[in-house]
Novice: 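Have a look at the structure that comes next, please.
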Amino acid sequence: DSHNCGHREDVFLTCTSDQIEAIGFTLVDEQGRQITEANQRGLLLYNGGTVCDDSFTDNAASAICIELGHAGQQNWDSSGGWSIQTNYDIELDDVSCSTSSWSDCTYSDSHNCGHSEDVFLTCTSASDQIDAIGFTLVDEQGRQITEANQRGLLLYNGGTVCDDSFTVLAAKAICIELGYAGQQSWDSSGGWSIQTNYDIELDDVSCSTSSWSDCTYSDSHNCGHRSEDVHLNCVPEVTSSSFTIVNEAGGDGQGRGLLLEDVFLTCTSVAQFALLDENGDEVTEGGRSSLLTWNGGTVCDDSFGDNSAEAICRLMGFTRAITWRSGLFFTTLQSGLDIKMDDVSCEDFVFEHCTYRTDAHNCGHGEDVFLTCSGTIQPDDSDETPTSPDPHPCPDPDPCPEPATCPAPSVPECPDHPTCPVCPDPVVCPDPVVCPDPVVCPDPVVCPDPVVCL
């Protein structure tokens, strides 16, 4: 009812209809407007003030997103990049959660922070939330991958998988667990920013076969996200095929024979390798050094070894590998091709047991692999109609001799095979008669001069 002021001290006020709820957690955009939809990055507020990042983790982010009515957190970060941050006090610090439930979190309402440590949070909707039980693959934005032939970050129970002891058998077993036919490739790296949003849930995955029941693993780890998180690419199932048993004569098989009952197979796609000469033509005869290609591109020599050469020669249908080298020998041809495969490493001579990368490389064409195989690629006659074997095969006829005295070959009867010609024995001529030396006749008789009668 009294004052000691002048009008120079009169208060001016601007109100907004965008006022946020000041109790509990909220997210606001760069203009301070409340965010109610998922998948939008916002400044995290608690009771109208910012939250400091001291002790903040993924569990805290998930717990707060759930408190806000979302399915979970997509990612979080801390920075001081928005001018509106200085309009708020810092209300919360040292948020530490042992699970993703807010009831398992502790915090402090005093702080030792600046606004450069304010937490920003992005939450996910229920439709974006992946199944957190078992294995899943997610893309670079954290969205679940459900189609084959896509490289994804491997998660187990919502956390990443470390590459310690991981092999192609583990990759195949997990792809099968995910409902695919097998693995196309796997690698480990820390190239995606979302990786740090997850805990590492699995380590030391070791499989003796491609069945998950034959695998061992550990739920403790000594790994980091930077280079040990497993990324996996799976291949789809193929249509099943039906086989029938036949015996040697082509009839119904009894006892020993081919496959009796219908069998349903799950197969993986086979890498398409080819050898090219300097003109770009495919090489099917062994014995010459040729450019190795995969799906029309070259193969880099990183991790390539003798086992790799042997496995690939055999896969292409050659007998074996003779030697391999790398370099820029077909300059024009090589420079016109992309490098499509790198880091080929084989533990034996079976390409199914090899690992490789097809999504990236760090090579130049001077590292292109040239391969020399032995043998000849056999044509695939699988599409031709099979014929029954000849029950009474005749041997190939011997060539007839050339003497003019040999008559034309006859066609004798061959049991169950009347059209089999047989060359008869050649006619043997007797030795010609050898005449003795000519008879030496005596000198002719010389008659005396005739008598002259007087």
Novice: Minimum heavy-atom separation for L275 to S290, with atom names?
Specialist: CB-CB, 3.8 Å
Novice: For the CG atom of D29 and the CZ atom of R41, what is their distance to the nearest 0.5 Å?
Specialist: 11.5 Å
Novice: What distance separates T160 OG1 from H221 NE2, expressed to the nearest 0.5 Å?
Specialist: 7.5 Å
Novice: Would you mind reporting whether R320 and C313 have side-chain heavy atoms less than 4.5 Å apart?
Specialist: no
Novice: Which pair of non-hydrogen atoms, one from C363 and one from I339, has the smallest distance, and what is that distance?
Specialist: O-CD1, 3.6 Å
Novice: For the pair H365 (side chain) and L337 (backbone), establish whether a donor and an acceptor sit closer than 3.5 Å, ignoring hydrogens and angles.
Specialist: yes
Novice: Please tell me whether Q150 and N233 have a donor and an acceptor in their side chains that are separated by less than 3.5 angstrom.
Specialist: no
Novice: A side-chain contact here means heavy atoms from C-beta on lying under 4.5 Å apart; do P236 and N149 qualify?
Specialist: yes
Novice: For E285 and T376, which I'm curious about, is there any donor-acceptor pair between the side chains at under 3.5 Å?
Specialist: yes
Novice: To the nearest 0.5 Å, how far apart are CG in D54 and CG in D93?
Specialist: 4.5 Å
Novice: Please step through side-chain hydrogen bond (donor to acceptor under 3.5 Å, both in side chains) for the pair N295 and Q272, ending with a clear verdict.
Specialist: CA-CA 5 Å; N295 287 353; Q272 299 300 309; 5.8 Å; no
Novice: Please report the shortest heavy-atom distance between S218 and D204, naming the atom on each side.
Specialist: CB-OD2, 4.0 Å
Novice: Do L45 and Y88 have side chains that get closer than 4.5 Å, going by heavy atoms?
Specialist: yes
Novice: Please lay out, stage by stage, how D359 and R357 fare under the test salt bridge (Lys or Arg N to Asp or Glu O under 4.0 Å).
Specialist: CA-CA 6 Å; D359 59 308; R357 293 192 64 172; 3.1 Å; yes
Novice: Just wondering, do E30 and I84 contact through their side chains at under 4.5 Å, heavy atoms?
Specialist: no
Novice: Using the side-chain hydrogen bond (donor to acceptor under 3.5 Å, both in side chains) rule, take R288 and T372 through it: C-alpha gap first, then chi angles, then the decisive distance, then the call.
Specialist: CA-CA 5 Å; R288 58 187 295 188; T372 304; over 6 Å; no
Novice: Under a 3.5 Å threshold, yes or no: a donor from one side chain and an acceptor from the other, between T209 and S211?
Specialist: no
Novice: Determine the minimum heavy-atom distance between N59 and S98, stating which atoms define it.
Specialist: ND2-O, 3.4 Å
Novice: Under 3.5 Å, is there a donor on one side chain and an acceptor on the other for N47 and E91?
Specialist: no
Novice: Would you indicate whether the side-chain heavy atoms of L121 and C65 approach each other to under 4.5 Å?
Specialist: yes
Novice: Using every non-hydrogen atom in the two residues, find where I66 and S100 come nearest and quote the distance to one decimal.
Specialist: CD1-O, 3.6 Å
Novice: What's the verdict on side chain to side chain contact (heavy atoms under 4.5 Å, CB included) for V344 and V299, showing C-alpha distance, side-chain angles and the deciding distance?
Specialist: CA-CA 8 Å; V344 182; V299 178; 4.0 Å; yes
Novice: Look only at the side chain of E117 and the backbone of G114, and say whether a donor-acceptor pair between them is shorter than 3.5 Å.
Specialist: yes
Novice: With distance as the sole test, does Q31 use its side chain to make a donor-acceptor pair with the main-chain N or O of R33 at under 3.5 Å?
Specialist: no
Novice: About how many Å separate OG of S185 and CG of D342, when rounded to the nearest 0.5 Å?
Specialist: 12.0 Å
Novice: Please determine whether side chain to side chain contact (heavy atoms under 4.5 Å, CB included) holds for the pair D368 and L291, giving the CA-CA distance in whole Å, both sets of side-chain angles, and the decisive distance to 0.1 Å.
Specialist: CA-CA 8 Å; D368 289 346; L291 178 64; 4.0 Å; yes
Novice: Using a 3.5 Å distance criterion without hydrogens, assess whether the side chain of Q334 forms a donor-acceptor pair with backbone atoms of F330.
Specialist: yes
Novice: Between D348 (side chain) and V350 (backbone), is there a donor-acceptor pair under 3.5 Å?
Specialist: yes
Novice: Would you call the rings of Y107 and W102 parallel, tilted or perpendicular if under 30° counts as parallel and over 60° as perpendicular?
Specialist: parallel
Novice: Between D229 and Q195, is any side-chain donor less than 3.5 angstrom from a side-chain acceptor?
Specialist: yes
Novice: Could you measure the distance from the CH2 atom of W76 to the CZ atom of F120? Nearest 0.5 Å is fine.
Specialist: 12.5 Å
Novice: Determine, step by step, whether E347 and N307 satisfy the side-chain hydrogen bond (donor to acceptor under 3.5 Å, both in side chains) criterion, reporting the C-alpha distance in whole Å, the side-chain angles of both residues, the deciding distance to 0.1 Å, and the verdict.
Specialist: CA-CA 7 Å; E347 59 189 45; N307 281 358; over 6 Å; no
Novice: Is a side-chain N or O of T196 found less than 3.5 angstrom from the main chain of S193, in a donor-acceptor match?
Specialist: yes
Novice: List the steps, then state whether side chain to side chain contact (heavy atoms under 4.5 Å, CB included) holds for L292 with I312.
Specialist: CA-CA 9 Å; L292 178 62; I312 292 172; 3.9 Å; yes
Novice: Is it true that the side chains of D301 and S326 contain a donor and an acceptor less than 3.5 Å apart?
Specialist: yes
Novice: Nearest 0.5 Å, what's the CD1-OH distance between I200 and Y156?
Specialist: 15.5 Å
Novice: Is there side-chain contact between T122 and Q73, with heavy atoms separated by less than 4.5 Å?
Specialist: no
Novice: Is the distance between the ring centroids of W192 and H231 under 6.0 Å?
Specialist: yes
Novice: Quick check: F304 with W324 (ring centres under 6.0 Å apart)?
Specialist: yes
Novice: Would you please classify the geometry between the Y356 ring and the W294 ring as parallel, tilted or perpendicular, with 30° and 60° separating the classes?
Specialist: tilted
Novice: Considering all heavy atoms of both residues, which atom of L178 and which atom of F135 are nearest to each other, and what is their separation?
Specialist: CD2-O, 3.1 Å
Novice: Side chain to side chain contact (heavy atoms under 4.5 Å, CB included), that's the test. Do D343 and S345 meet it? Break it down for me.
Specialist: CA-CA 6 Å; D343 298 319; S345 178; over 6 Å; no
